[in-house]
Enquirer: 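Handing you this structure, nothing more for now.
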Amino acid sequence: DAKTTQPPSMDCAEGRAANLPCNHSTISGNEYVYWYRQIHSQGPQYIIHGLKNNETNEMASLIITEDRKSSTLILPHATLRDTAVYYCIVRVARNQFYFGTGTSLTVIP
Amino acid sequence: GAVVSQHPSWVICKSGTSVKIECRSLDFQATTMFWYRQFPKQSLMLMATSNEGSKATYEQGVEKDKFLINHASLTLSTLTVTSAHPEDSSFYICSAQGIDTQYFGPGTRLTVL
């Protein structure tokens, strides 16, 4: 079962930062948080992952709270192509992913 | 980045026939691959974990005799849907375990008439 909860949908104005929250209150100490996104009828695309430190790459930033019970994915300057379903996933033993319902992000012109 | 392909990208078959879907890691070796199923407007559901050279591990509620998985090499895993029925119509997605993350294929749309 998924160990994450996310809001079902969010809107963001084009050019603005999109902040997508995720709760994972039952996460264990050695379990990583991963973020993927899925554009309609395609396979999920990897965005970023982290354990307890904040992470940044060319796509996004990941902010993990100190108690690790929640995290936020930040897309710094959202574009129309960022419209997708975003999944926050806790990687459990044997590297398995159990997807939750995700957040459908719509970037508005 | 790592690339995973699936073949075919879509398939239509008659009820009662079997369909094989291939998943390949193109530029890396994957000892572990995963198979997911996704129904319209729903999230991905993990079906099974496929390990090279050994039997797949199926999630609870997934029939292993209906969804046959073979992971014969470090770059290829196959999913065979046996005696397919209309309720098996779905989007099937595979992923391959890389060094620190899973890389997903583009998916296979199966329609059973």
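Below, chains carry the letters A, B, ... as their sequence lines are ordered, and counting in each starts from 1. Both backbone and side-chain heavy atoms feed into the values below; hydrogens, waters and symmetry mates do not.
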Enquirer: If you take all heavy atoms of B:F104 and A:P44, which pair is closest and at what distance?
Expert: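 Looking at all heavy atoms of both residues, the shortest contact is CB-O, 3.4 Å.
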Enquirer: Taking a hydrophobic cluster as the set of Ile, Leu, Val, Met, Phe, Trp and Tyr residues connected by side-chain heavy atoms closer than 4.5 Å, whether directly or through intermediates, do A:L75 and A:V85 fall within one such cluster?
Expert: no
Enquirer: Please look at A:F97 and chain B and tell me whether the side chain, the backbone, both or neither of the residue comes under 4.5 angstrom of a heavy atom of that chain.
Expert: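 For A:F97, backbone and side chain are both near chain B.
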Enquirer: What part of B:T57 gets within 4.5 angstrom of chain A, counting heavy atoms only: side chain, backbone, both, or neither?
Expert: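 Just its side chain gets close to chain A.
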Enquirer: For B:Q60, is it the side chain, the backbone, both, or neither that has a heavy atom closer than 4.5 Å to a heavy atom of chain A?
Expert: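 It is neither, since no heavy atom gets under 4.5 Å.
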Enquirer: Any non-hydrogen side-chain atom of A:F99 less than 4.5 Å from a side-chain atom of B:M45?
Expert: no
Enquirer: For the residue pair A:Q38 and B:I93, establish whether any side-chain heavy-atom pair is separated by less than 4.5 Å.
Expert: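 With C-beta onward as the side chain, the pair touches.
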Enquirer: Can you hop from A:I89 to A:I64 via hydrophobic side chains spaced under 4.5 Å?
Expert: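 Per the 4.5 Å side-chain linkage, A:I89 and A:I64 are not co-clustered.
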Enquirer: Checking B:D100 against chain A: side chain, backbone, both or neither under 4.5 Å from a heavy atom?
Expert: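 Backbone plus side chain of B:D100, per the 4.5 Å heavy-atom cut-off to chain A.
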Enquirer: Select one option (side chain, backbone, both, neither) describing which atoms of B:L44 are under 4.5 Å from chain A's heavy atoms.
Expert: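 Its backbone and side chain both get close to chain A.
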Enquirer: In terms of heavy-atom proximity below 4.5 Å to chain A, should B:Q42 be classed as side chain, backbone, both, or neither?
Expert: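 Contact with chain A: backbone only.
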Enquirer: Below 4.5 Å from any heavy atom of chain B, which atoms of A:Q45 appear? Answer side chain, backbone, both or neither.
Expert: neither
Enquirer: Name the option with the most non-hydrogen atom pairs under 4.5 Å to chain A; the candidates are B:P106, B:S9, B:P40, B:C94.
Expert: B:P106
Enquirer: Using non-hydrogen atoms only, which part of A:S41 is less than 4.5 Å away from chain B: side chain, backbone, both, or neither?
Expert: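 Contact with chain B is through both the backbone and side chain of A:S41.
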Enquirer: Hydrophobic clusters here meaning ILVMFWY residues chained together by side-chain heavy-atom distances under 4.5 Å, can you tell me if B:Y103 and A:I48 are in one?
Expert: no
Enquirer: Are any side-chain N or O atoms of B:Q102 and backbone N or O atoms of A:N95, one a donor and one an acceptor, separated by less than 3.5 Å?
Expert: yes
Enquirer: Whether the A:Y36 and B:T101 side chains hold a donor-acceptor pair (N or O, under 3.5 Å, no angle test) is what I'd like checked.
Expert: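 Per modelled atom types, A:Y36 and B:T101 side chains form a pair under 3.5 Å.
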Enquirer: Counting heavy-atom pairs under 4.5 Å with chain B, which one of A:S104, A:G100, A:G102 comes out on top?
Expert: A:G100
Enquirer: Check this for me: B:H85, atom NE2, are more than 12 non-hydrogen atoms of other residues, nucleotides or ligands nearer than 6.0 Å?
Expert: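 Yes.
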